[in-house]
Every structure is written in C-alpha cells, then in structure tokens.
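Every chain is numbered from 1, with letters handed out A, B, ... down the list of sequences.
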Amino acid sequence: MAVYVKGIGNISPQKTWGDTTLLSSPLAYVGDRLSCVEPDYSQFVDIRQLRRMSRILKMGVAAGSMALQESGIKVPDGIITGTGYGCLEDTGIFLSKMVENNENALNPTPFIQSTHNTIGSQIALLLQCQGYNQTYTQSAFSFENALLDATLELKDNPAKSFLVGGIDEITDLSHTIQHRFGIFRDRSVSSLDLFNTSTDGTLNGEGASYFVLSGEKGENDTVCLDSVATFYKPGMQYLMDGIENFLESASLKTVDIDLLLIGKSGDKRFDSEAEEVSSRLFKSCAIGLFKHLSGEYPTASAFAFWLGARIIQTQHIPQAVIHRKATRPQRNILVYNPYFGEYHSLILLRSC
Amino acid sequence: MEQLMEDLKRQIIEALNLKHLKPEDIGDEQPLFVEGLGLDSIDALELIVLLQQHYSIKMANPQDGPQIFKSVKTIAEYIRANQTT
C-alpha cells in the first residue's frame, strides 16, 4: 500500500531545516562525533515549557512542528515514534543523581522524562493530540517499525494522517560508554572523508526526523513510501534473495531502482555486505551514501528517508551524496541501511 | 534570613531551570505557583527534593506544601524553623 508523504521535518548534523538548498554546503566534523545543527527552539515552543525539556525532546518537538507545518495539518490523528536509545540525557542525569545522592532525594523531572515514549508524549501534549500514540524501540529497526505501524494503521483508515519519526541523541555519557566498545574511529580529521580511508570504526551521529504520512494522495504530494522490510542477521544469500523478493512484491526488479541510498558506515569490518549488495544487485543505478553526513545511529534510516524524499521532490542528488552518478530521473529510490552487520533494513520510496 | 533567601532564589533557578530569571527578578514574597512564577506540581516535587538535598529537611506532611512553598520567604521561614544544624 502506498503511503503519501505530506510533510517533512529534519534536524541533523547538517543544515537540513529552514530555507537551504539540499545539502549544498555539507558540514565537516573533526573527531568521532557529529552533533545536530539545532534551530532556535523558542520558535516552536513557549520558553516556559522549554525549560523542562532535554535536548532530544526539543529536537523531536521542533522536527515534528516542521513536518506538520509543511503538511498544513495542525493536529495529526496519531503520533508514532521510533527511537533506539530514547531520552539518554535524562536517563544519564537520573542515574548519576541516584549514585550521587546515595539513592535518596531523587529529582522527579529526569526520572519522568527518561522513558523512551517521552518524545511522542511531549509532542502530543503540546498539540493536545489525544489520538494513537506509540513508540518503537528495537535498535536499528525502531524507525522501520514505526513506518510499518503507520502503514498498517493507514491501510485500515487511509484518510487519517500520522506524524511518524525516527530520533536519537548523543550525550557525553553515552558517547564515552559507546567509545569503549571500539565502534568509533580514533582519529578522524574530517567526517566528509569517512569513505576515503579504510579503517575500523565509524562516526557517532544523531538526528530527529519526522514525517506526516497519509493513505490519501493530495494534489501536491510527490513522494510515497511503497514498502519497508527488515532482516536481522540474514546472511549474504538470504539478504540478496530478500532484496529481490522485496522489490518483486512492489512489482519492481533491481534494474528499476534509480538510486540506491546505502547506509555504509565507513567501518571496514561491517561494510563488506553493503559493497556486495551494490556490486552484485545494483550494477547500473546511481548510488548515494549518507553516513558521512549524519553519522551512525539506530535511526539513521530516518535521515535517509528524508534525503530520498527530498531527492525525489527536487530531482537533484547533492554532490556530497553521490557515489555513482545518476543517468536518469529519480523515480524509485531504495534505502538499504545496514547497522553494525546485524540489522539490515529496506525502505522503498517512489515518486507519485 | 536575607542571605538564606538569596541562596534559595539561586537554588530554585538552578533546580527548576529558570534560565530566563535572575535571583533579583524573584520577589521575597512573590507567589511561586500559578499567577507568580507559574510553577506547577512537578516543580513542587523538585522543591521538596531541594529541601532534602540542600537543607536535609524532609517534609513531614506533604499537605503543608502549598503553605510552605507560597513564596521564597515562607520557604526560608520553614527552613529556619526546621533545620537542626
């Protein structure tokens, strides 16, 4: 079932909001951490309500507001959020205070706001949206499951509209802990050179992307979500077959894909599958990369969804994204997002 | 008492993240809730924690909260009356 994209809001390590040409001046980061370029939140939320919100809440509320503004819809019928890590800042504060205060006299605010579903709840509170509200938190399938839920809901009620998003944040504490796992690069001079050197480790990223989706096409809609699929530790042949079957169920073949957006992370330990998929299945289409722009995080596929949708809308692939040039119009875009060799997801976007 | 009220204003601003205010913006007898600073029930819980963390005072009866947390002055008077050290 086609689900139409009515509005988009995206806060990321690039300037992806406001009046800017699509990734015309990509930002380069030194080190292993890409932090979001954030707007002035007082444009979106009353300053008195802002004081209690952590950064991820502010990013979620602002990205949601941007998407709703673009769609022209004031209050959606439901809010569906995907987040791998949830509200890390408040979780860190809550746990640290617990240790500092010897488990006595704990501050209520960080505790209340440490749960994953605070983001969707906060958006609903501000909008006074009392409809369906769901949060998915399954690591790198969180955003994909939010999309699947929206698709199922819209199959039953196509006229409804849902605010669907993927969101994750980096905090100093989470970055320090994750760095110990050896998943980030020790020395990175420029994030834009992520794919120019072959080494272990990727770059830590974050972002907040929300989309207004509906089952009914409006006259201004140009992008639709065709389908979503996830594969956990599939093995190479199963993955290859899975991609072909996925496309077949959308009445497409691999040659019909105009642009493959691959979530390669730059970590040589995990990128071999992505390279094999592109070299064996997608020999002629354009190929784009995005994790040198967004960094790696569980809901990075939401950044790719934003990128794919904007490419279809503008029919322009930013120079910073191009790995293999396009030779034809961008009608069918496949996002293939592998995450540390375990989670593999597919999102098919089409022009409509 | 003056010093205690000054300290309280700074601690309230920090605990409740009232970054848009300075201590001198809060009057000694200005109502803290609803029409005054516009604090709410979650802020009341934060103030109870503030009393525990900074002054080692555990409120015996939470129902006394509205009277105690009426203003900075009433909080300071409560601290004076209940602080043991």
Side-chain angles (χ1 to χ4, degrees), chain A residues 38-62 87-115 117-128 169 171-173, chain B residues 4 7-27 30-66 68-69 71-72 75 78-79 82-85:
Chain A
E38 296 174 65
D40 173 10
Y41 293 115
S42 63
Q43 291 174 24
F44 304 96
V45 192
D46 188 297
I47 194 164
R48 284 169 300 182
Q49 289 169 310
L50 271 176
R51 73 180 166 93
R52 203 177 275 150
M53 290 186 200
S54 65
R55 203 166 63 91
I56 193 170
L57 294 182
K58 288 187 261 194
M59 291 199 303
V61 166
C87 301
L88 285 176
E89 187 183 336
D90 277 323
T91 303
I93 293 171
F94 169 64
L95 293 174
S96 304
K97 292 269 181 191
M98 213 157 111
V99 175
E100 281 169 25
N101 297 325
N102 202 23
E103 297 186 24
N104 284 310
L106 298 175
N107 298 75
T109 307
F111 170 63
I112 295 165
Q113 298 187 161
S114 64
T115 56
N117 58 6
T118 309
I119 306 153
S121 311
Q122 186 67 67
I123 296 172
L125 274 172
L126 290 170
L127 295 174
Q128 290 294 298
E169 67 172 337
T171 66
D172 291 340
L173 188 62
Chain B
L4 177 56
D7 291 345
L8 266 173
K9 287 173 189 175
R10 272 199 305 277
Q11 288 156 358
I12 289 170
I13 287 170
E14 193 192 334
L16 306 184
N17 203 18
L18 300 163
K19 283 177 184 164
H20 59 294
L21 292 179
K22 293 178 190 150
E24 54 267 32
D25 296 331
I26 305 174
Q30 182 184 357
L32 296 179
F33 288 81
V34 195
E35 81 271 26
L37 287 187
L39 304 186
D40 59 23
S41 57
I42 296 175
D43 295 314
L45 291 171
E46 291 284 0
L47 290 176
I48 292 171
V49 172
L50 187 153
L51 286 182
Q52 275 186 254
Q53 286 177 347
H54 292 276
Y55 301 98
S56 304
I57 295 173
K58 279 192 180 180
M59 274 179 62
N61 186 1
Q63 287 178 338
D64 295 337
I68 296 164
F69 297 134
S71 67
V72 171
I75 300 174
Y78 179 75
I79 292 169
N82 291 276
Q83 210 169 21
T84 50
T85 51

**Message:** Check this for me: B:Gln63, atom CD, are more than 12 non-hydrogen atoms of other residues, nucleotides or ligands nearer than 6.0 Å?
**Reply:** no
**Message:** For the CD atom on B:Glu14, are there more than 12 heavy atoms of other groups (residues, nucleotides or ligands in this structure) within a distance under 6.0 Å?
**Reply:** no
**Message:** Given 3.5 Å as the limit, does a donor-acceptor pair link the side chain of B:Asn17 with the main chain of A:Arg52, or not?
**Reply:** no
**Item:** Flag side-chain contact, heavy atom, 4.5 Å: B:Val49 against A:Lys97
**Value:** no
**Asked** Does atom OH of A:Tyr41 have more than 12 heavy-atom neighbours, drawn from other residues, nucleotides or ligands, at distances under 6.0 Å?
**Response** yes
**Request:** Look at B:Leu51, B:Ile42, B:Leu18 and state which one has the largest set of heavy-atom pairs under 4.5 Å with chain A.
**Result:** B:Ile42
**Item:** Structural part of A:Asn107 lying under 4.5 Å from a heavy atom of chain B
**Value:** both
**Asked** Once you round to the nearest 0.5 Å, how far does CD of B:Gln52 lie from CG of A:Asn104?
**Response** 7.0 Å
**Fill in**
The interface call for A:Leu106 against chain B, heavy-atom contacts under 4.5 Å, is backbone
**Message:** Is B:Leu16 close to chain A through its backbone or its side chain, or both, or neither, when contacts mean heavy atoms under 4.5 Å?
**Reply:** both
